Amino acid sequence: MSGARLTLAKGLNAGLRKAMDKDPKVVLMGEDVGKLGGVFRITEGLQKDFGEHRVLDTPLAESGIVGTAVGLALRGYRPVVEIQFDGFVYPAFDQIVSQVAKMHARSLGHLKVPMVIRIPCGGGIGAVEHHSESNEAYFAHTAGLRVVSCSNAADAYWMIQQAIETDDPVIFFEPKRRYHERGETEIDEGGAPDLGLYDARVVREGTDATLLCYGPMVKTCLQAAAAAEEEGRNLEVIDLRSLSPLDLPTITASVKKTGRAVIVHEAQTFVGLGAEIAARVQEECFYHLEAPVLRVGGYNIPYPPSRFEEEFLPTLDRVLDAVDRSLAH
Amino acid sequence: MSGARLTLAKGLNAGLRKAMDKDPKVVLMGEDVGKLGGVFRITEGLQKDFGEHRVLDTPLAESGIVGTAVGLALRGYRPVVEIQFDGFVYPAFDQIVSQVAKMHARSLGHLKVPMVIRIPCGGGIGAVEHHSESNEAYFAHTAGLRVVSCSNAADAYWMIQQAIETDDPVIFFEPKRRYHERGETEIDEGGAPDLGLYDARVVREGTDATLLCYGPMVKTCLQAAAAAEEEGRNLEVIDLRSLSPLDLPTITASVKKTGRAVIVHEAQTFVGLGAEIAARVQEECFYHLEAPVLRVGGYNIPYPPSRFEEEFLPTLDRVLDAVDRSLAH
Amino acid sequence: MSDSDVAGQAGTRGHVAGAFEPSPELGPKPPSQVTGHFSDDNPEMVQFVDADGNRLQTNETNAPFAQIVEDMTSEDARIIYRDLVLVRRIDAEGFALQRQGELGLWPSLFGQEAAQVGAGRALRDHDYAFPGYREHGVAWCRGVDPVSLFGMFRGVNHGGWDSNENNFHLYTIVIGNQMLHAVGYAMGIAADGDVGTGDPERDAAVMAFTGDGGTSQGDFNEALVFAAVTNAPVVFFVQNNQWAISEPNDKQFIIPPYQRARGFGFPGVLVDGNDPLATYAVAKDALDKARNGQGPTLIEAYTYRMGAHTTSDDPTKYRSDAEVEIWKHKDPIKRMRGFMEERGHADPDFFAAVDAEADEIAARIRTACQGMPDPELPTMFDHQYTEPHPVVEAEREEFLAYHAGFAEEGGRA
Amino acid sequence: MSDSDVAGQAGTRGHVAGAFEPSPELGPKPPSQVTGHFSDDNPEMVQFVDADGNRLQTNETNAPFAQIVEDMTSEDARIIYRDLVLVRRIDAEGFALQRQGELGLWPSLFGQEAAQVGAGRALRDHDYAFPGYREHGVAWCRGVDPVSLFGMFRGVNHGGWDSNENNFHLYTIVIGNQMLHAVGYAMGIAADGDVGTGDPERDAAVMAFTGDGGTSQGDFNEALVFAAVTNAPVVFFVQNNQWAISEPNDKQFIIPPYQRARGFGFPGVLVDGNDPLATYAVAKDALDKARNGQGPTLIEAYTYRMGAHTTSDDPTKYRSDAEVEIWKHKDPIKRMRGFMEERGHADPDFFAAVDAEADEIAARIRTACQGMPDPELPTMFDHQYTEPHPVVEAEREEFLAYHAGFAEEGGRA
Ligand SMILES: Cc1ncc(C[n+]2csc(CCOP(=O)(O)OP(=O)(O)O)c2C)c(N)n1
Ligand SMILES: Cc1ncc(C[n+]2csc(CCOP(=O)(O)OP(=O)(O)O)c2C)c(N)n1
Ligand SMILES: [Mg+2]
Ligand SMILES: [Mg+2]
């Protein structure tokens with residue numbers, strides 16, 4: 001598979017396989033992750049190759065899945081949990097907030113829970129209710145967790161391995177509407193990742209304003225930047241990759257350079273991750289900002305029926321509209 | 001009781017009693033709310049006076065409590081749920097986020113779930129783990145909910161009644177370390193509340209900077225403002241009262257006047273409510289701000305053992321330090 | 001079907017009462033072919049009609065429910081048969097519409113018609129039902145227009161019907177959530193005094209639907225706790241269709257779920273979910289008890305999901321055709337028709353008329369679905385709160401202004 | 001206690017095997033005085049010693065566990081007695097320290113010593129225990145220094161011990177959470193192949209503790225699901241102390257919780273939680289089965305919380321002194337001592353020595369607690385993540401700088 005250009009989904013699958021090959025303590029758990037390979041086929045073929053003891057089809061109970069994963073982690077395993085859809089992580093919220101996030105600190109460092117909770121996230125796939133949510137803010141607000149989001153196949157491949165290797169618990173967001181998009185670059189499986197798990201990536205350099213985004217919105221922002229270029233505007237696009245912690249040095253360096261920032265995410269904006277970024281940026285770049293930091297996100301209503309989603313989610317046009325508003329200052 | 005100066009706890013108790021008197025559909029539910037009157041005695045005497053059918057001691061299961069409250073609300077009741085401590089609301093998070101918050105919208109307005117979820121919140125009482133959390137940001141980020149926080153006895157008395165009268169679900173935060181503080185003003189039970197449930201209150205007028213706070217921090221900020229006065233600084237203090245929605249007109253009017261804002265809350269700052277306020281204020285008051293909006297909150301670690309809490313929580317000194325930093329700009 | 005020799009006749013056909021035998025030509029019985037499933041041949045399973053439509057003898061297991069079946073009229077049988085056929089047709093239409101791109105998703109009830117119609121018809125108007133997402137058959141019995149269901153799977157709304165009109169709650173997708181709502185609603189019925197009055201127009205009960213997978217959720221089990229402790233007038237109706245997406249029963253439990261209730265102190269009943277008389281009788285009995293103040297019951301309807309989990313699913317990845325074949329022979333409609341023909345409950349005209357009606361309904365709902373307009377975009381902001389909300393109002397304004405700007409500009413780029 | 005006439009002797013004292021009778025002078029039995037409780041006089045309750053210390057006859061209920069008791073030596077009895085006394089004394093010290101302001105809170109185990117010591121002593125070193133917040137007796141048996149427990153209730157840390165040193169997890173306060181951790185850990189043991197090998201140094205099991213209230217939580221019930229389905233080597237040990245703060249049993253269930261397990265397909269055992277021989281035997285039996293690969297067991301130890309829920313609680317608000325009086329006569333220590341005296345398992349010197357040891361330990365831990373320093377403030381930022389974290393590092397720096405500034409200024413205002 002060396003040198004292959006994979007889809008994001010296949011990148012994840014290859015990354016999981018590599019992690020399982022490397023470390024026999026890595027186990028996958030979740031609903032339908034076994035024979036079926038998960039409803040998105042991210043774990044396809046893994047149960048066949050690694051056995052039922054390493055790829056566990058669990059009972060239909062998310063608190064149970066995460067809770068038993070904690071126990072497995074305490075026993076020395078490295079569980080990788082699949083939450084079937086974003087909207088089904090809430091039954092496990094208590095275990096994640098009260099146990100997963102706090103275990104290391106409360107044990108004075110004696111205990112580790114090296115686990116990854118994978119969440120296929122976001123909308124744009126015409127799904128029914130509870131299948132299109134972007135709930136990263138809940139986890140980013142939870143001290144003790146690390147939260148990352150991949151946006152492309154190569155990152156998916158490397159980041160899932162890095163997340164599994166981390167001794168801290170990691171919430172791993174996967175932009176489900178990008179699962180089947182093929183990566184731009186070839187993945188060199190023998191190689192090494194070019195960035196640490198918590199590093200943001202400047203995916204496009206620019207001078208006029210900075211677009212800050214992650215997951216599914218990276219593509220949208222790159223398209224917006226391309227469209228803006230035609231209008232003679234030169235936008236910098238940063239893929240945050242890590243949502244908690246944030247790679248603030250990369251963010252502030254860019255905003256200090258451009259003087260303008262627009263944050264784009266699918267999640268509702270109110271107390272969303274964009275709020276934190278805006279708060280930080282206005283604090284650290286106060287004398288560099290030529291316009292207020294703006295946010296483009298989902299409207300502050302529950303995710304609507306899918307016939308509305310194209311208008312609910314940030315579009316290229318809404319991003320550019322915000323850039324216009326920023327530049328109007 | 002007319003004209004009495006009550007403690008915050010007694011204000012809540014009186015408010016609940018009034019609401020139950022007025023509307024036979026109001027029922028209280030929770031762990032130990034009956035004979036015991038709740039571990040904080042907020043419901044003291046109510047089961048005795050209204051009967052076991054209106055004050056229900058439930059099984060020990062928060063998802064069950066909130067989930068059955070939804071059913072009762074659908075049947076026409078107005079359940080007021082007590083969560084025993086902030087840290088025990090997470091088992092009910094799924095019901096709150098997926099059902100309580102979404103029911104009205106998803107039913108195209110056909111269904112209402114007029115319920116209040118009371119959460120004694122915050123630290124400073126020397127408690128063990130999970131008993132001192134400030135988790136308002138999770139709920140404020142959840143579209144479909146309303147989130148309020150009382151800071152004093154009179155507000156407690158009126159706000160709990162207003163919350164119960166609201167047809168929308170309300171998350172009602174009660175600052176547990178202020179439960180036993182007596183109110184400044186007498187409560188006229190025959191009167192009417194002076195503010196709507198979603199209105200902020202300017203609790204102290206000032207000119208040099210605006211302190212934005214709520215719940216337990218209102219007292220701290222007032223003390224800070226008093227101390228600052230001795231140093232010749234004139235701070236405006238706003239008790240937000242409503243956390244979602246925010247009373248932005250009141251907030252921005254103040255910040256436009258003072259040019260400076262410091263947000264103070266017990267919760268961890270990262271993606272906390274303060275982030276949203278900072279993001280909004282820098283956007284709407286961009287040309288009025290003389291300094292970046294600053295935040296003072298819990299550090300971004302899980303709530304520490306109680307011997308640390310005095311230093312973990314914002315203190316008068318930390319608030320004034322932030323004011324100093326703001327004024328240094 | 002107050003026909004005193006029903007039992008005897010069934011007996012003459014050589015069927016052992018209470019046993020559940022596929023026809024001999026099918027070879028080994030399911031348990032020996034299929035792993036991970038339970039309850040086949042379970043003597044505790046209530047049955048009245050065998051796979052060929054023969055009325056079974058009264059036995060220890062079905063005796064408590066026999067009177068209900070005895071009291072059913074020919075008219076009742078025809079109603080149930082019609083429901084079964086129409087519901088299957090509506091479901092097939094949903095499937096087809098999804099394939100044609102009219103719906104985003106369709107979770108088929110194919111195979112579970114008897115379970116749902118039996119339960120649905122046992123409900124009275126003033127009872128209340130809390131479905132999962134596959135209860136199209138119950139919806140039908142409650143009088144919900146199937147077109148409303150399509151609205152949801154088309155993405156036009158999250159459930160377009162007014163739950164209070166038919167006492168049929170919106171579909172609940174998060175597995176287990178609705179079980180607690182049902183118990184709470186039932187607690188409300190009891191608090192209203194609408195239980196055990198003896199007045200059939202007043203006494204009411206609630207029925208809550210979930211699947212075999214659903215029994216694993218914390219909410220499901222908490223619902224059993226609350227129901228037991230409050231003696232709530234609620235019936236938990238678990239359709240054990242053998243699969244939770246790709247996971248067979250043995251990933252969820254090691255004994256059949258009807259026995260779960262016994263661990264909580266109230267009765268659990270196993271019923272042949274493909275036998276419409278049995279599901280009706282068992283459901284009616286449990287609802288009667290609930291209405292009379294005798295508390296909750298858990299019913300496991302042992303049935304089979306003949307199709308994919310939803311139109312997004314590919315069951316060939318995880319289960320064998322042979323298994324599906326076995327269940328074809330247990331088909332509820334074939335069974336009901338065989339029974340009715342044998343008992344003379346209906347003539348060929350009736351069956352033809354039902355088929356014609358199914359065609360009509362299918363045509364009507366197809367047209368209605370195809371013609372369903374997309375919602376007006378700004379209605380996205382409607383009904384978010386019962387009282388005005390500044391953030392929502394501001395965003396609605398923003399949205400309108402933004403789109404108005406577009407209309408002027410003619411759109412960007 | 002391989003003493004062949006134990007059973008006979010107990011019989012001569014007129015006690016009916018398996019029944020659980022308070023002494024006659026106590027008047028009406030609990031169920032007739034106290035509402036909301038279950039299981040008193042339940043013939044399914046395993047007992048070996050009555051309230052006065054008389055060894056009961058072997059009967060149908062305790063027979064499966066009798067051999068374990070037979071195999072216990074005088075030395076075993078003395079170990080258990082010593083544990084009971086020391087644990088009660090440590091607990092009393094915790095209570096006293098709270099009253100003196102040295103601890104913020106203390107949840108007393110008073111009354112539950114036999115349940116916890118029996119369970120704790122049945123665990124082997126390489127087993128693993130997941131406690132709630134009241135398991136000071138189990139902690140003691142696992143070798144955790146009681147001073148460590150005080151650290152947590154003093155607010156110095158959230159649990160100062162290294163769980164892996166004694167295979168005793170940190171206390172878990174959120175009710176139910178730890179039940180799932182226990183199952184997961186047990187799944188890990190099985191995955192490691194450390195079950196059913198026949199090698200006693202290898203085969204291991206997990207024990208998970210919760211209360212009667214805890215049985216209502218979703219997590220508790222999901223733990224039963226996962227344990228059943230994975231056949232995990234785990235024992236659920238429910239101390240039914242009759243109260244969940246102010247709520248009696250009938251707010252949580254309508255049948256005793258040991259029966260819950262049967263709804264999930266594995267055994268539930270009821271044991272007299274104030275009978276140390278019985279709790280030991282039942283726990284050991286269940287752990288042996290788990291280690292042998294026979295899967296999970298749920299044990300309900302029927303006992304009583306003699307004190308308040310915690311030092312913050314006032315039980316006079318919700319329960320009668322009469323109820324507490326009844327349970328005084330079932331006291332586990334009195335019972336164990338009576339039994340030992342009668343059987344000659346120890347002489348008066350032994351009992352005196354244990355009391356003296358209790359005094360010593362109490363003095364030691366009191367001094368240690370009083371002398372426990374407050375933690376250094378900047379350690380608040382330690383151990384937050386296993387790898388460096390910029391936010392935490394920045395805040396640590398901020399914190400240090402802020403406090404350094406103070407030191408210079410001499411503080412504000
Ligand atoms: C809490 C939750 N987790 C996961 C899902 C995704 N999901 C949808 S249906 C399903 C299987 C349900 O199986 P079962 O309860 O047997 O019902 P059936 O679909 O067979 O009718 C799963 C896992 C969900 N809807 N809710
Ligand atoms: C999830 C959760 N909800 C509420 C509480 C508050 N609380 C602490 S102890 C307790 C009662 C527990 O009763 P039980 O399980 O019988 O254990 P016991 O205290 O009697 O040992 C409650 C409600 C909690 N710790 N966790
Ligand atoms: Mg199923
Ligand atoms: Mg208890």
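Since this is a predicted model, take the numbers as computed values, not measurements.
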field: B:D57 and D:K251 ion-paired at < 4.0 Å
entry: no
Lys/Arg N to Asp/Glu carboxylate O, D:K317 vs B:E44, below 4.0 Å: yes
message: Once rounded to the nearest 0.5 Å, what's the spacing between atom CD of B:Q84 and atom CD1 of D:I175?
response: 8.5 Å
Straight-line distance of D:D374 CG to B:R307 CZ, nearest 0.5 Å: 4.5 Å
Side chain, backbone, both or neither: which part of [X] has an atom under 4.5 Å from a heavy atom of chain D?
X	result
B:R41	side chain
B:F40	neither
B:F312	both

Chain B contact via [X] - which portion, at a heavy-atom distance below 4.5 Å:
X	result
D:V392	side chain
D:H389	neither
D:Y318	both
D:T215	neither
D:R154	both

Count the heavy atoms belonging to other residues, nucleotides or ligands that lie under 6.0 Å from [atom1] of [X], then report whether that count exceeds 12.
X	atom1	value
D:E393	CD	yes
D:E387	CD	yes
B:H53	NE2	no

Please name the pair of heavy atoms, one in [X] and one in [Y], separated by the smallest distance, quoted to 0.1 Å.
X	Y	answer
B:R318	D:Y402	N-OH, 3.2 Å
B:A61	D:S216	CB-O, 3.5 Å
B:P305	D:G155	CB-O, 3.1 Å

Taking the side chain as every heavy atom from C-beta outward, state whether [X] and [Y] have any atom pair closer than 4.5 Å.
X	Y	answer
D:E395	B:T269	yes
B:V128	D:Y133	no
B:P302	D:Q384	yes
D:S246	B:D32	yes

field: Sidechain-backbone polar pair: D:Q252 side chain, B:L60 backbone, donor-acceptor under 3.5 Å
entry: yes
- request: Heavy atoms only, distances under 4.5 angstrom: which of D:H309, D:E247, D:E398 has the most pairs with chain B? Name it, please.
  value: D:E247
- line: From the list D:L377, D:L105, D:V391, D:N157, the residue making the most non-hydrogen contacts under 4.5 Å with chain B is D:L377
query: What residue in B:F88, B:F270, B:Y90 has the most heavy-atom pairs under 4.5 Å with chain D?
result: B:F88
message: I need the residue from B:E309, B:E311, B:E62, B:E31 with the largest number of non-hydrogen atom pairs under 4.5 Å to chain D.
response: B:E311
side-chain contact (heavy atoms from CB on, under 4.5 Å) evaluation trace for B:H131 with D:I173: CA-CA 10 Å; B:H131 289 72; D:I173 289 178; 3.6 Å; yes
